[in-house]
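What follows is one structure encoded as structure tokens, with my remarks underneath.
Residues take their numbers from the sequence shown, with the count starting at 1. When reading the values below, keep in mind they use all heavy atoms of this one structure, side chains included, and skip hydrogens, waters and symmetry mates. Every value quoted in this text rests on a predicted model; they were computed, and no experiment measured them.
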Amino acid sequence: MNKLVKGSIAGAAGIALLLGGASTFALWNAEATVAAGEISVGKMTVSADQTAQTWAYVAPAAVSGTAFNPATQKLVPGTTVVLTQPLRIDAEGANLKADFGFDLGKSDVTAFKNAGGTLQLRAYDGATEITTLTGLSAAQASAIDRATLTVIFPDTISGTTGQNVKLALTEVNFTIAQK
């Protein structure tokens, strides 16, 4: 036999041995399956029923507690009125921290504030005022059942300051934001 044929036979035999050996080579392996549960993501929502809101006088004392109609009644220095808005907050999540507040959106309050007027936000859990509106837990945020927005036109305003000023509260957005 010539050298080329002998080399080809030897090469083919070597390849056959390598391929045959590959099928018998194995590494051990195993697996275990476990039920690891289901992870759910929490939520944070706020909703308000505008038909349930009320306006009332806080000051002067002579009219305190009586209804105020922002469409027909006007403030004078020394008047304070309050908007009470029932709310529903749903907050869920471990270690959730949130801030409650308000944003006046498209409302125009600049002239009112320039005339000395102020706005104050308060939140309540039943009859109890929530004194800290920052860093609320999910349970604390969900306990808020109403908010009040107090509009104060102080009696320190004099002369013609603030006359004919409008407080256009066209968008009062009560907010809950994760910290």
Quiz item: So, Gln140 side chain and Ser137 main chain: donor-acceptor pair closer than 3.5 Å or not?
Solution: yes
Quiz prompt | Minimum heavy-atom distance Ala141-Ala91, with the two atoms named | solution = CB-CB, 4.1 Å
Exercise. May I ask you to decide if Ala139's main-chain N or O and Ser142's side chain share a donor-acceptor pair within less than 3.5 Å?
Key: no
Quiz item: Is a side-chain N or O of Ser64 found less than 3.5 angstrom from the main chain of Ala61, in a donor-acceptor match?
Solution: no
Exercise. Could you tell me which non-hydrogen atom of Gly93 sits nearest to which non-hydrogen atom of Ala138, and how far apart they are?
Key: O-CB, 4.0 Å
Quiz item: What about Trp55 and Phe102, same hydrophobic cluster or not, with Ile/Leu/Val/Met/Phe/Trp/Tyr joined at side-chain heavy-atom distances under 4.5 Å?
Solution: yes
Quiz item: Rounded to the nearest 0.5 Å, how far does OG1 of Thr66 lie from CD of Gln73?
Solution: 7.5 Å
Quiz item: For the atom pair CD (Gln178) and CG (Asp99), what is the distance rounded to the nearest 0.5 Å?
Solution: 10.0 Å
Exercise. Check whether any side-chain heavy atom of Leu149 lies under 4.5 Å from a side-chain heavy atom of Val172, and answer yes or no.
Key: yes
Self-check item: Greater than 12 external heavy atoms within 6.0 Å of Glu129's CD
Solution: yes
Quiz item: Could you state the interatomic distance from NZ (Lys166) to CG (Asp108), rounded to the nearest 0.5 Å?
Solution: 11.0 Å
Self-check item: Donor-acceptor contact present, side-chain Asp145 to main-chain Gly126, <3.5 Å
Solution: yes
Quiz item: Same cluster for Leu87 and Leu119 if Ile/Leu/Val/Met/Phe/Trp/Tyr side chains link at under 4.5 Å?
Solution: yes
Quiz prompt | Rounded distance (nearest 0.5 Å) linking atom CD of Glu92 with atom CE of Met44 | solution = 12.0 Å
Self-check item: With Asn95 via side chain to side chain donor-acceptor pair (under 3.5 Å) - residues at least two apart
Solution: none
Exercise. Check the hydrophobic clustering (I, L, V, M, F, W, Y; side-chain heavy atoms under 4.5 Å; chains of links allowed) and say if Leu83 and Leu75 are grouped together.
Key: yes
Quiz item: Under a single-linkage definition using a 4.5 Å side-chain heavy-atom cutoff for Ile, Leu, Val, Met, Phe, Trp and Tyr, are Leu104 and Phe174 assigned to the same hydrophobic cluster?
Solution: yes
Quiz item: Does the Thr79 side chain pair with the main chain of Phe153, one donor and one acceptor, at a distance under 3.5 Å?
Solution: no
Exercise. Over 60° means perpendicular and under 30° means parallel, so classify the ring planes of Phe68 and Tyr57, tilted if in between.
Key: perpendicular
Quiz prompt | Intermediate values then yes/no, side chain to side chain contact (heavy atoms under 4.5 Å, CB included), Val151 and Phe112 | solution = CA-CA 10 Å; Val151 179; Phe112 180 75; 3.5 Å; yes
Exercise. State, to 0.1 Å, how close Thr161 and Ile157 come at their nearest heavy-atom pair, and which atoms those are.
Key: O-CG2, 3.2 Å
Quiz prompt | Verify same cluster id: Leu169, Leu121 (apolar side-chain graph, 4.5 Å) | solution = yes
Quiz item: Would you say the side-chain atoms of Thr148 pair up with the backbone N or O of Thr84, donor to acceptor, closer than 3.5 Å?
Solution: no
Quiz item: Got a second to check how far Arg122's CZ is from Ile144's CD1, nearest 0.5 Å?
Solution: 14.0 Å
Quiz prompt | Gap separating the CZ atom of Phe100 from the CD1 atom of Ile130, nearest 0.5 angstrom | solution = 8.0 Å
Exercise. Establish, from distance only, whether the side-chain atoms of Asp49 and Thr51 form a donor-acceptor pair under 3.5 Å.
Key: yes
Practice problem: Look only at the side chain of Asp90 and the backbone of Lys43, and say whether a donor-acceptor pair between them is shorter than 3.5 Å. | Solution: no
Quiz item: So with a 6.0 Å cut-off around CG of Asn164, is the heavy-atom count from everything else above 12?
Solution: no
Practice problem: Taking all non-hydrogen atoms of both residues into account, name the closest pair between Val165 and Ala115 and its distance. | Solution: CG2-CB, 4.3 Å
